[in-house]
Enquirer: 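Mind looking over this structure? Questions follow.
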Amino acid sequence: MPFGVIYIAIMPTVDDPTEKTLAELGVNDAQGVAEKFAEVRTRFDRQVAFDADEIRSLMLHEAWLGSDSDPVTSLRNFWVGRKAGVLTLITENWLKKSPPSLKGVVGKQFNELKTHIETKLEEQRKRIEEKTEAAALNREQVDLSLPGVIRPVGSHHLIRQVFQEIEDIFFSIGFSIVEGPEIETPYYNFEALNIPEFHPVRDDMDTFYLELPKGAKTPLLLRTHTSPMQIRTMEKQKPPVRVIVPGKVYRRDNPDATHSFAFHQIEGLAVDTDITFCDFTGTIEYFVKQFFGPSVKTRFRPSYFPFTEPSVEFDVSCPFCGGTGTAAAGGTCTKCKGAAWIELFGAGMVDPAVYGFVNYDAKKVSGFAFGIGIDRLAMLKYGIDDIQVFFQNDVRFLRQFP
Ligand code: PHE
């Protein structure tokens, strides 16, 4: 709206009739009263039709508005404000001060004007609110044609990927997956695995014991291997058992290129009425060939674990030098240090003593178990020479295994 119109709308304030009494305005009959009220009403009707910006200029002009206040509220106060609103002025100057003969007419006109003003102000408030809302909606509309924000998607950690690979291989030959607690009792971590308290192998494996309140029923420790799940599984289920147990394990090791106080294992356990050493080596060989490729050879060497008898260490022919001990470029293979073989993991036939702890009949059942160190396998397969990189989580490392 051009400034001129606003100017006309506010003109009467220059010499505001509501600031004078009717007598001062020379009004002395009903006709004159009606005309005065009509004037005020016209002025109001003009203003109430303004949009928010126009009201703002108007109110600024009237000095009813600080530049940051809400113009609609200002307009409302200007008209119906208790202290100095136009309606209050009319009450004071016209109604209260009118001669008794005109009181009735002024009162009636006043009430009509008041109702009119209030209704219109309310309508105006709604109108402006809706408009503001529509404008906001318009402003905030989502433009689906804009290119999206690209959020880089992470990938599974290499250890997790290797877990998955190994799980898939054993899954395909009938093993299922179970998981168990990382906090164990000495009974499951040692005793039930045929490692009594005085046994020297505990020295290697003694680990992080938890600080418990005095009077706790049993000590607790971070498991040193996934083998406790052999016991927990056999306690729960009768043979046949074919499970693998992926998980984290903890030992009191000082960190270096091949040691970490936390690392990962997959335990395997198969128990049935007719499992032989052949089933054992066949299964392991199948796994190793699936994992490293068909050209690798395997071998086992005698070893010792209290919970397997006989116990073995499984070796794989060095996948880097093709089991020759000599690097492709000549010289000694650095991976197997010329040995042609790489030690993979420990395993064995379940020691009959273990069946005693889980109420299996050692005369009827037999089985094998293995414990694969995942970090070591991942390092071998992917040519990583420092175990610490698995725990540092440097994205420059992680990104190489999307
Ligand atoms: N638990 C043994 C270890 O952590 C590995 C193992 C598991 C050996 C099962 C034999 C059978 O060293």
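Order of appearance sets the numbers: ligands from 1, and atoms from 1 within every ligand.
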Enquirer: With heavy atoms under 4.0 Å as the rule, classify the contact between Arg251 and ligand 1 as side chain, backbone, both or neither.
Expert: side chain
Enquirer: Which atoms of ligand 1 are found less than 4.0 Å from any heavy atom of Gly371?
Expert: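 Per the distance check, 5 (C), 6 (C), 7 (C), 9 (C).
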Enquirer: Looking just at side-chain N and O atoms, do Gln31 and Glu35 make a donor-acceptor pair shorter than 3.5 Å?
Expert: yes
Enquirer: Under 6.0 Å between the ring centres of Phe287 and Phe292?
Expert: no
Enquirer: Is the shortest distance from a heavy atom of Phe307 to ligand 1 less than 4.0 Å?
Expert: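 Within the 4.0 Å threshold, so yes.
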Enquirer: With a 3.5 Å cut-off and no angle check, do the side chains of Thr276 and Asp279 form a donor-acceptor pair?
Expert: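 Yes, Asp279 and Thr276 have a side-chain donor paired with an acceptor closer than 3.5 Å.
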Enquirer: We want to know whether Asp253 and Ser260 form a side-chain donor-acceptor pair, criterion being a heavy-atom distance below 3.5 angstrom.
Expert: no
Enquirer: Can the ring centres of Trp79 and Phe44 be said to be less than 6.0 Å apart?
Expert: yes
Enquirer: Aromatic ring centroids of Tyr382 and Phe401 under 6.0 Å?
Expert: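 Centroid distance Tyr382-Phe401: below 6.0 Å, so yes.
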Enquirer: Of the backbone atoms (N, CA, C, O) and the side-chain heavy atoms from C-beta on, which set of Ala347 has a member under 4.0 Å from an atom of ligand 1: side chain, backbone, both, or neither?
Expert: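 Contact part for Ala347 vs ligand 1: backbone (N, CA, C, O).
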Enquirer: Please determine if Thr308 has a nitrogen or oxygen closer than 3.5 Å to a nitrogen or oxygen of ligand 1.
Expert: no
Enquirer: Ring centroids only, cut at 6.0 angstrom: are Phe307 and His225 within range, meaning strictly under it?
Expert: yes
Enquirer: Using heavy atoms and a threshold below 4.0 Å, how should the contact between Phe370 and ligand 1 be classified: side chain, backbone, both, or neither?
Expert: backbone
Enquirer: For His225, is at least one N or O under 3.5 Å away from an N or O on ligand 1?
Expert: yes
Enquirer: Which ligand 1 atoms, with their elements, are less than 4.0 angstrom from a heavy-atom of Gln230?
Expert: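 By the 4.0 Å cutoff, the relevant atoms are 9 (C).
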Enquirer: Suppose I only count heavy atoms of Ser227 and a 4.0 Å limit; which atoms of ligand 1 are within that range?
Expert: 1 (N), 7 (C)
Enquirer: Just which atoms of ligand 1 are under 4.0 Å from any heavy atom in Ala369?
Expert: 9 (C), 11 (C)
Enquirer: State whether the shortest distance between N or O atoms of Gln265 and N or O atoms of ligand 1 falls below 3.5 angstrom.
Expert: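 Checking ligand 1 against Gln265, an N or O pair does fall under 3.5 Å apart.
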Enquirer: Do Phe370 and Phe170 have ring centres separated by under 6.0 Å?
Expert: yes
